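Read through the structure below, which is laid out as structure tokens, and then see the notes.
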Amino acid sequence: MTPDPSTPQSLFGPRLRIAPSPTGFLHVGTARTALFNFLLARKTGGKFILRIEDTDKERSKKEFEQSIFDGLKWLGLSWDEGPDIGGPFGPYRQSERIDLYQKYLEQLLAEDKAYFCFCSPEDLEAQKRDLISQGKVPVYSGRCRYLSKEEIKKNLSDNKPYVIRLKMPSSKIKFKDLIRGEIEFDLNLIGDIIIAKNLKEPLYNFVVVVDDYLMKINYVIRGEDHISNTPKQIVLQEMLGFDKVNYAHLPMILGPDKSKLSKRHGATNLIDYQKQGYLSEAMINFLALLGWHPHQEQEIFSLDELIEQFSLERVQKAGAIFNINKLNWFNNFYLKNLPFEEVEKRFLDYLKTSPFQSEIKKYPLEYFIKVLKIELPRINKFEDLFIQSDFFFKEEIDYPKELLIWKSADFNDIIKALEDSLNLLKEIEEKEMTALNLQSKFMLFIEGNDLYKNDRGKILWPLRVALSGKKASPPPFEIIEIIGKERAIKRIEKAIQLVSNNNDY
Ligand code: GLU
């Protein structure tokens, strides 16, 4: 049944929205706002609406809009109404609603609640300087408020450029924020804001109010950076005779240095985390705890558990620190605790969009699955396989020769140990190169050899470094099983050469 559009917002069940502007890729802060709105909608049996705020024609791009859809879908935050699926109060893209806004602009002008302002940028600059020199707040002086009907008519027929300003009352306004409590703003410090560039180009504060009204939104949950817009929007609602809306402003997301999260602190686009191979479960869990705290010690939450437990009362006022180590911890947890078939499925999805395509093309998928299986205990996210375990995908590896040294061994000991490994390996047939088989062959050799039997590291350390070039890696036999006999032999020979050259010890 289509709801009757004349029904006041307050008579609907909770209707919440995420209203991103497609002027950049979906930001993690917007994803967190979307999550909190989604959780509350699902918890209360309300609706979660996606509205694309693309009135800024120059900066809005389709690719950014797509990243909003993709990012929310990746997180599993499904919406009930939106540009792609429609709904009873559509369209849900502001660029497709332009005709709807004009009526309300005309209403404000007709009721003398808004006015045409013809001040040029130079006029505005001069007025501002004047106000500052008088020690006053440099808001718009209100000069065009007092133009006569004739003057306005003449200016318009002369095609004089104009904007439309709101007659801001000179009073204070109070509202109750569901997180921050009562908040008061002095409207004199805001002044007559511009609500439209012209009748066809309305601006943000105005369109948000009209859309929230027409879409019957009754809860606006958004970042604290919008808090200074709220008094302007409440005044507009009052002037247009719209219903009141409940507001909640979420704490800002901060970097570890407590400044606003920015690229300086790492990736800020949600999609980058997907590309790095984080799991959506980890991201959801991490985002949920950016500003919200459960009442018990629990840290791991599925989306369903979050829906059950989430409440605005437990959202903090203070900024929330974005700690990447925490995200890594969550991801590591989910990698280890999800069934391997599920991890494998996500990994295959990750490979499709991974930036490491040149490596990916070189090997069959089974090869990557093998690497994933043995590296799982050591990685935080899928990308780590290509960075910390790059030796699986390279022909040649580089490392300082000193890394080959085990305890107090000298280079001659290393050469001897590597040669022993080489000889052993050469005796084993390619088809017998399983980790288990290699392990038993090497152990048999080690047990019967006085040089190694009391300290296996003497032979196994240089072997492992020769194969991986790393301080930490899976055991050498598992590496050999994956990279194969030929590559293993080449790497050991290269290590022998490396230590033999300039043997300056
Ligand atoms: N379009 C605004 C933004 O992307 C959000 C508007 C709102 O939530 O009221 O920041």
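Worth saying up front: this structure is predicted, and the values here are computed from it rather than measured. Atoms within a ligand are numbered from 1 in the order they appear, just like the ligands themselves.
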Note to self: So is R17 touching ligand 1 or not, going by heavy atoms under 4.0 Å?
What the structure shows: yes

Determine the interplanar angle of the [X] and [Y] rings, folded into 0 to 90°, and report it as parallel if under 30°, tilted if 30 to 60°, perpendicular if over 60°.
X: F48; Y: F38; value: perpendicular
X: Y363; Y: F368; value: perpendicular
X: F310; Y: W292; value: tilted

Note to self: For ligand 1, which is the ligand I care about here, please tell me if Q233 has any N or O atom under 3.5 Å from one of the ligand's N or O atoms.
What the structure shows: no

Next item on the list: Please determine if V220 has a nitrogen or oxygen closer than 3.5 Å to a nitrogen or oxygen of ligand 1.
Entry: no

Notebook entry, point to check: For ligand 1, which atoms have a heavy atom of R222 less than 4.0 angstrom away?
Noted result: 7 (C), 8 (O), 9 (O)

Margin query: Need the ligand 1 atom indices (1-based, order shown) with element for anything under 4.0 Å from a heavy-atom of S21.
Written below: 1 (N), 2 (C), 3 (C), 4 (O)

Return the residue, atom name and 0.1 Å-rounded distance of the protein heavy atom closest to [atom].
atom: atom 6 (C) of ligand 1; value: Y204 OH, 3.2 Å
atom: atom 10 (O) of ligand 1; value: H226 NE2, 2.9 Å
atom: atom 5 (C) of ligand 1; value: A19 O, 3.3 Å

Item checked: Charged N-O contact under 4.0 Å between D212 and R51 -> yes

Check: Thinking salt bridges, do K154 and E150 make one under a 4.0 Å N-O criterion?
Finding: no

Check: Should the proximity of P20 to ligand 1, defined as any heavy atom under 4.0 Å, be assigned to the side chain, the backbone, both, or neither?
Finding: backbone

Next item on the list: From atom 1 (N) of ligand 1, work out which of H27, R51, E53 has a heavy atom at the shortest distance.
Entry: E53

Notebook entry, point to check: Of the non-hydrogen atoms in P83 and Y92, which two are nearest, and what is the gap between them?
Noted result: N-CB, 3.5 Å

Check: Do Y247 and H226 get their side chains close enough for a donor-acceptor pair, meaning under 3.5 Å?
Finding: no

